[in-house]
Amino acid sequence: MNAPRPYAMRARADAKAATRLRVLRAVLALSEEKMTIEITLDEVASRAGTSVQTVLRHFGSRDGLLDAAVGLASAEVEQERRAPAGDVTGAVEAVVAHYERRGDFVLRLLGQEHDPRIAAVVGPGKELHRRWVQEAFGPQLQARPESDRDALVDLLVVATDLYTWKLLRRDRGLDQPTTQSRMHAMVTAILASGD
C-alpha cells in the first residue's frame, strides 16, 4: 500500500482548516444575531454548511467550540486595535474603528455578563483593553512619575472605553468623526494633566 502523497495530505489539511474556520465564523455570525447562550450546534452546523458530527469532531463539545470562537475573536480584536505606541491619534482612530465594527455586539455580550460563560469572555476583554491602553500610550506613561501612572491608566481606560463610545455614538447620536474627536480630546487632556 502506498503512503499518501504530500500534496494529498496538504489538501486534506487545508480542507480541515477551511472547515474549522467556516464553523468558527458561523459561531461569530450567530453571536451577533442572538444571545450566545441560545446558539445551538445545529444552527452552527447549518450556517457552516456542515454536520453537527463534523463540528464535534473539530471542537469536541459546544464549550470547546465557543472557546475556540473566543480565541479567534480575541486575536482579531488585538489586530484591529493595533497602533504605533505613543501615536495618540492612531490609537484613538483604531479603537473607534474597532467599536464601529464590534461595539454593538460587545454591548450585547456585556448585557449577558451574568452568565458565567459570557463573563469568561468579557473579563479577558476588559483586561485586554487595559493592556492596550498601557501599550498604546506607553511612551507618554513612561514619561510620567511612576506614582501617577496607575491613575492615568484608569482615566485613559475610561476615555477609550466601549461605554464612552456608546454614550457619544449611540446615546448622543454623534457621527463617527465627532465621536473620535471627542475621545481624542479626552485622551489628550488626560495626558496633558499635571504637566
Side-chain angles (χ1 to χ4, degrees), residues 21 24-25 27-29 31-33 35-36 66-115 117-195:
L21 184 58
L24 292 173
R25 291 268 173 240
V27 172
L28 295 176
S31 64
E32 289 184 12
E33 298 168 12
M35 303 277 266
T36 305
L66 294 176
D67 289 343
V70 167
L72 175 63
S74 295
E76 290 176 350
V77 164
E78 288 194 42
Q79 186 61 39
E80 289 170 9
R81 289 171 162 243
R82 288 210 193 281
D87 179 358
V88 172
T89 300
V92 174
E93 283 176 6
V95 79
V96 169
H98 164 69
Y99 293 151
E100 290 292 321
R101 180 160 193 254
R102 297 183 192 258
D104 294 318
F105 166 65
V106 176
L107 287 168
R108 280 195 303 279
L109 280 180
L110 288 166
Q112 303 172 65
E113 196 171 8
H114 60 280
D115 180 310
R117 169 146 288 290
I118 304 303
V121 172
V122 298
K126 292 174 185 179
E127 293 168 12
L128 181 146
H129 182 62
R130 189 172 186 86
R131 273 193 324 274
W132 174 82
V133 163
Q134 291 168 325
E135 292 168 10
F137 307 111
Q140 292 92 336
L141 292 168
Q142 290 301 316
R144 303 300 285 273
E146 192 172 340
S147 59
D148 293 347
R149 289 183 202 153
D150 200 42
L152 285 173
V153 169
D154 288 342
L155 294 170
L156 291 166
V157 164
V158 172
T160 59
D161 191 71
L162 174 64
Y163 284 113
T164 303
W165 172 83
K166 176 191 175 290
L167 287 168
L168 296 170
R169 187 79 166 98
R170 298 295 182 241
D171 298 352
R172 285 269 293 121
L174 301 176
D175 62 16
Q176 182 178 346
T178 304
T179 298
Q180 187 172 302
S181 174
R182 294 197 179 164
M183 289 177 80
H184 186 275
M186 285 186 279
V187 169
T188 302
I190 291 165
L191 292 173
S193 66
D195 283 350

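Separating the CG atom in Leu72 from the CG atom in Asp67 is a distance of 13.0 Å, to the nearest 0.5 Å. Distance check: Thr160 OG1 to Met183 CE gives 5.5 Å after rounding to the nearest 0.5 Å. Atoms CD and CZ, on Gln140 and Arg149 in that order, are 12.0 Å from each other to the nearest 0.5 Å. Expressed to the nearest 0.5 Å, how far OG1 of Thr178 lies from NE2 of His184 amounts to 14.0 Å. Note that OG of Ser193 and CG of Asp148 are 8.0 Å apart. Values are rounded to the nearest 0.5 Å. Interatomic distance, CZ of Arg25 versus CG of Leu21, reported as 5.0 Å (0.5 Å rounding).
Under the 3.5 Å distance criterion, with hydrogens and angles disregarded, a donor-acceptor pair is assigned to the side chains of Gln79 and Arg82. For the 3.5 Å distance criterion, the side chains of Asp161 and Thr164 fail to qualify, holding no donor opposite an acceptor. When only modelled atom types and interatomic distance are considered, Glu78 and Trp132 share no side-chain donor-acceptor pair under 3.5 Å.
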Could you walk me through whether Arg144 and Leu141 pass side chain to side chain contact (heavy atoms under 4.5 Å, CB included), step by step?
-> CA-CA 5 Å; Arg144 303 300 285 273; Leu141 292 168; 5.5 Å; no

Is there a side chain to side chain contact (heavy atoms under 4.5 Å, CB included) between Arg130 and Gln134 once you walk through the steps?
-> CA-CA 6 Å; Arg130 189 172 186 86; Gln134 291 168 325; 4.3 Å; yes

What's the verdict on side chain to side chain contact (heavy atoms under 4.5 Å, CB included) for Arg182 and Arg172, showing C-alpha distance, side-chain angles and the deciding distance?
-> CA-CA 12 Å; Arg182 294 197 179 164; Arg172 285 269 293 121; 3.6 Å; yes

Run the side chain to side chain contact (heavy atoms under 4.5 Å, CB included) check on Lys166 and Leu110 step by step: do they pass?
-> CA-CA 13 Å; Lys166 176 191 175 290; Leu110 288 166; over 6 Å; no

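For the residue pair Arg170 and Asp104, the shortest heavy atom distance occurs at NH2-OD2, 2.8 Å. Taking all atoms of both residues into account, the shortest heavy-atom contact from Leu24 to Ala69 is CD2-N, 3.5 Å. Nearest heavy-atom pair, Gly86 versus Pro139, reported as atom, atom and distance to 0.1 Å: N-CD, 3.6 Å. Across every non-hydrogen atom of Ala136 and Ala91, the tightest pair is CB-CB, 3.9 Å. Heavy atoms only, all atoms of each residue included: Ser31 and Arg108 are closest at O-NH2, 4.3 Å. Of all heavy-atom pairs spanning Arg81 and Ala94, the tightest one is O-CB, 3.7 Å.
Between Arg101 and His98 the shortest side-chain heavy-atom distance does not fall below 4.5 Å. Residues Tyr163 and Leu107 are in side-chain contact: their nearest non-hydrogen atoms beyond the backbone lie under 4.5 Å apart. Between Leu156 and Leu191, the closest side-chain pair of non-hydrogen atoms falls below 4.5 Å. Residues Phe137 and Leu152 fail the side-chain proximity criterion, which asks for heavy atoms closer than 4.5 Å. By the 4.5 Å heavy-atom criterion applied to side chains, Leu162 and His129 are not counted as neighbours.
Under the 3.5 Å distance criterion, the side-chain polar atoms of Thr188 are left unmatched by any main-chain donor or acceptor of Ala185.
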